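Reviewing the structure listed below.
What you see below is based on every heavy atom in this structure, not just the backbone, and it leaves out hydrogens, waters and symmetry mates. What you are looking at is a predicted structure, and each value in this text was computed from that prediction instead of being measured.
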Amino acid sequence: MRRLRSGLPCPALRATPTDAARRATLIPEFSRITRRAIRDLRGQPGGPDPVAIVRRFLWFLPLTDEEARAVALRLR
């Protein structure tokens, strides 16, 4: 599988306003990307843990550590 670049999501996308309507359109696509990132990066030496990956790709959701862990488990 192709490795995901460490700069994802890019700063320009992260700067996009994320009101409720925008979040609703982002969640399905970013969930798919997050799943790929978890599968691709899990267990890599020095790589992020699944919770960090969820926080990185779903930055627009106010997730607690416990919620991010639950999402990571669901997406792996």
When rounded to the nearest 0.5 angstrom, what distance separates CZ in Arg55 from CG in Asp49? 10.0 Å

Only residue of Leu61, Val71, Asp65 satisfying side-chain contact (heavy atoms from CB on, under 4.5 Å) with Val54 is Val71

Rounding to 0.5 Å, atoms CD1 (Ile53) and CZ (Arg35) come to a distance of 13.0 Å

Checking Thr25 now: which residues fulfil side-chain hydrogen bond (donor to acceptor under 3.5 Å, both in side chains) with it, not counting sequence neighbours? none

Take the angle between the ring planes of Phe30 and Phe57 and call it parallel below 30°, perpendicular above 60°, tilted in between. tilted

Should Val51 and Phe60 be regarded as members of a common hydrophobic cluster, given that ILVMFWY residues are connected when their side-chain heavy atoms come within less than 4.5 Å of each other, either directly or indirectly? no

Going hydrophobic residue to hydrophobic residue with side-chain gaps under 4.5 angstrom, can you get from Leu58 over to Leu73? no

Just grab all the salt bridge (Lys or Arg N to Asp or Glu O under 4.0 Å) pairs involving residues 66-76, residues at least two apart or on different chains. none

Between CG of Leu26 and CH2 of Trp59, what distance do you get to the nearest 0.5 Å? 6.0 Å

May I ask you to test the Leu75-Arg39 pair for a side-chain heavy-atom distance under 4.5 Å? no

Contacts of type side-chain contact (heavy atoms from CB on, under 4.5 Å), residue Glu29, not counting sequence neighbours: Arg32, Ile33

